[in-house]
Amino acid sequence: MKPATKFIHAGAEPDPSTGAIMTPIYQTSTYVQEAPGKNKGYEYARSQNPTRKALEDALAVIENGKYGLAFSSGVAATDAVLKLLAPGDEVVTGNDLYGGTYRLFTKVFEKFGIRFKYVDMTDLAAIASAITPNTKLIWTETPTNPLMNITDIGAVTALAKQHQVLVCVDNTFASPYLQNPLDFGADIVMHSSTKYLGGHSDVIQGALVMNDTALRDQLYFIQKSCGAVPGPMDCFLVLRGIKTLHVRMQRHCENGEKVAGFLRQHPKVGKVYWCGFEDHPGYAVAKKQMRGFGGMMSFTLKDDSVETAMKVLSSTKIFSLAESLGGVESLINHPASMTHASIPREERIKNGLSDSLIRLSVGIEDLEDLVLDLEQAIG
Ligand SMILES: *Cc1c(COP(=O)(O)O)cnc(C)c1O
């Protein structure tokens, strides 16, 4: 099935009780049983809900996986994966992780005896040398936030398989339209559905997709035991978002390419980080594992100061100053003072996050309006 058909029909079955083409929002906490244990497969809504099931089936289809699980946020999905581990287990992960993931690892799971090794995930030798007999999981994002670094998913999973280590890929930035990590051997795909899957900045949600039945059973057990499940209304919103993911992503990619090109030739702009540029260090790998390069990018200003960046940030009229990404509307933010403010300046600069670095989530508005907005803001 081609993407456009898949994204619209994924998981969609007419509602068995009425024939409704859209899965209804089953706003219920429990289900009446004929006799104890004699029921229609639904007992209690933390364990099963038909709206959530329709979404979970759709998630599996769009990520080329067998099983989908929906969570009440992206970090709740990450939390569930980490709960597969036990004290003493080690995780090898990237040194430029999403801030919320880094916080969950360091502030919550380290306390329970899980150990994390942060390496450059574009460096296969660094990953290999971080693996020990205690390593149970490799956690990676690609492209990363905000510098758009690219991990070679196929190479990392091949390495992990030699050591019987699970690989989970946070696929939030690419979305399933541009990249399917399971096709390259990953064991689990994670999403913040809050971003491109929902696509309209109106819901917080997370997702996991996998192929292995035993792994699915373990993660389902964690989902129902720990209880970070999304409500049926939120599942409906993400299901609805998925139906237009392909058209939205096509426009995000088109606008992204043009905005990146505009920034690159601007005399006041320093470096532009977008993985579709042929001289981006991850370009060859991105081209191999992605179907397009998306609308996420960052850039620095030649006058590399917080003040100059602030001037740009406060001058845009269409790009809204906000955290998050992946919605239809364009967003702009300043990692140094927003998403990465908790990292000491020296370390931040060492990792390439300079003072003037600005991140864009290019939306699907009219391209000319977006370029004009940036033009007047950069001055
Ligand atoms: C937003 C985000 C998350 C966390 O998801 P929430 O839905 O905010 O809990 C995880 N990873 C990436 C890459 C994100 O952008």
Side-chain angles (χ1 to χ4, degrees), residues 55 59 63 68-83 91 93-109 116 118 121 137-151 153 167-179 181 186 188-209 223 226-231 234-235 237-238 241-242 245 249 252 273 275 282 290 294-298 322-327 331-335 338-342 353 359-363:
L55 171 62
L59 290 166
E63 272 296 6
L69 292 170
F71 292 84
S72 54
S73 68
V75 294
T78 305
D79 176 82
V81 175
L82 270 288
K83 283 174 178 159
V91 180
T93 188
N95 56 11
D96 57 350
L97 281 177
Y98 170 74
T101 305
Y102 180 73
R103 182 175 60 195
L104 181 67
F105 288 178
T106 54
K107 296 276 161 62
V108 179
F109 280 99
F116 297 88
Y118 301 94
M121 294 300 285
L137 174 70
I138 295 178
W139 181 280
T140 188
E141 284 169 36
T142 182
T144 61
N145 173 33
L147 296 180
M148 309 295 135
N149 290 320
I150 305 291
T151 304
I153 302 169
V167 174
C168 181
V169 177
D170 179 340
N171 202 28
T172 301
F173 265 46
S175 90
Y177 180 74
L178 296 181
Q179 176 172 279
I188 308 170
V189 178
M190 175 266 166
H191 279 281
S192 167
S193 317
T194 311
K195 317 292 169 52
Y196 286 108
L197 295 183
H200 296 75
S201 309
D202 53 9
V203 65
I204 294 281
Q205 202 172 116
L208 299 176
V209 181
Q223 182 198 39
C226 300
V229 291
D234 287 355
C235 292
L237 287 171
V238 175
I242 288 172
L245 181 68
M249 288 312 297
H252 282 297
Y273 299 89
C275 61
M290 298 172 77
M296 294 304 301
M297 67 194 65
S298 298
E323 290 186 12
S324 199
L325 61 114
L331 300 181
I332 187 166
N333 83 32
H334 185 232
M338 297 168 76
T339 47
H340 294 66
S342 58
L353 277 89
R359 190 189 83 180
L360 300 180
S361 170
V362 177

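Along the sequence shown, residues carry numbers from 1. Quick caveat, the model's predicted, so the values are computed rather than measured. Counting convention: from 1, in listed order, for ligands and their atoms alike.
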Open item on the list: For T78 and T101, which I'm curious about, is there any donor-acceptor pair between the side chains at under 3.5 Å?
Closed with: no
TODO: Would you kindly specify which portion of V75 sits under 4.0 Å from ligand 1, judged on non-hydrogen atoms: side chain, backbone, both or neither?
DONE: both
- [ ] Would you please classify the geometry between the H252 ring and the Y196 ring as parallel, tilted or perpendicular, with 30° and 60° separating the classes?
- [x] perpendicular
Task: Interatomic spacing from OH in Y118 to OG1 in T106 - rounded to 0.5 Å - done: 5.5 Å
TODO: With K83 as the cation and F71 as the aromatic partner, state whether NZ or CZ is under 6.0 Å from the six-membered ring centre and within 45° of the axis.
DONE: no
Open item on the list: Heavy-atom distances under 4.0 Å decide this one: backbone, side chain, both or neither, for L325 against ligand 1?
Closed with: side chain
Open item on the list: Give me the residue, atom name and distance of the protein heavy atom closest to atom 6 (P) of ligand 1.
Closed with: G74 N, 3.4 Å
Open item on the list: Quick check on D170 - does any of its heavy atoms sit under 4.0 Å from an atom of ligand 1?
Closed with: yes
- [ ] Run the numbers on D96 and L353 for side-chain contact (heavy atoms from CB on, under 4.5 Å), then give the verdict.
- [x] CA-CA 10 Å; D96 57 350; L353 277 89; 6.0 Å; no
- [ ] Indicate yes or no: does an N/O atom of I204 lie under 3.5 Å from an N/O atom of ligand 1?
- [x] no
Open item on the list: Between Q223 and A70 (side chain of the first, backbone of the second, donor and acceptor by atom type, cut-off under 3.5 Å), is there such a pair?
Closed with: yes
Task: Location of contacts on K195 toward ligand 1, heavy atoms closer than 4.0 Å - done: side chain
- [ ] Just jot down the ligand 1 atoms closer than 4.0 angstrom to any heavy atom of Q205, in number order.
- [x] 7 (O)
TODO: Can you spot which of T151, N171, N149, T93 makes a side chain to side chain donor-acceptor pair (under 3.5 Å) with T140?
DONE: T151
- [ ] Provide, to 0.1 Å, the distance between atom 7 (O) of ligand 1 and the closest protein heavy atom, together with that atom's residue and name.
- [x] T194 OG1, 2.6 Å
Task: Protein heavy atom at shortest distance from atom 4 (C) of ligand 1 - done: Y98 CE2, 3.4 Å
Task: Enumerated ligand 1 atoms positioned under 4.0 Å from heavy atoms of S192 - done: 1 (C), 2 (C), 3 (C), 4 (C), 5 (O), 6 (P), 7 (O)
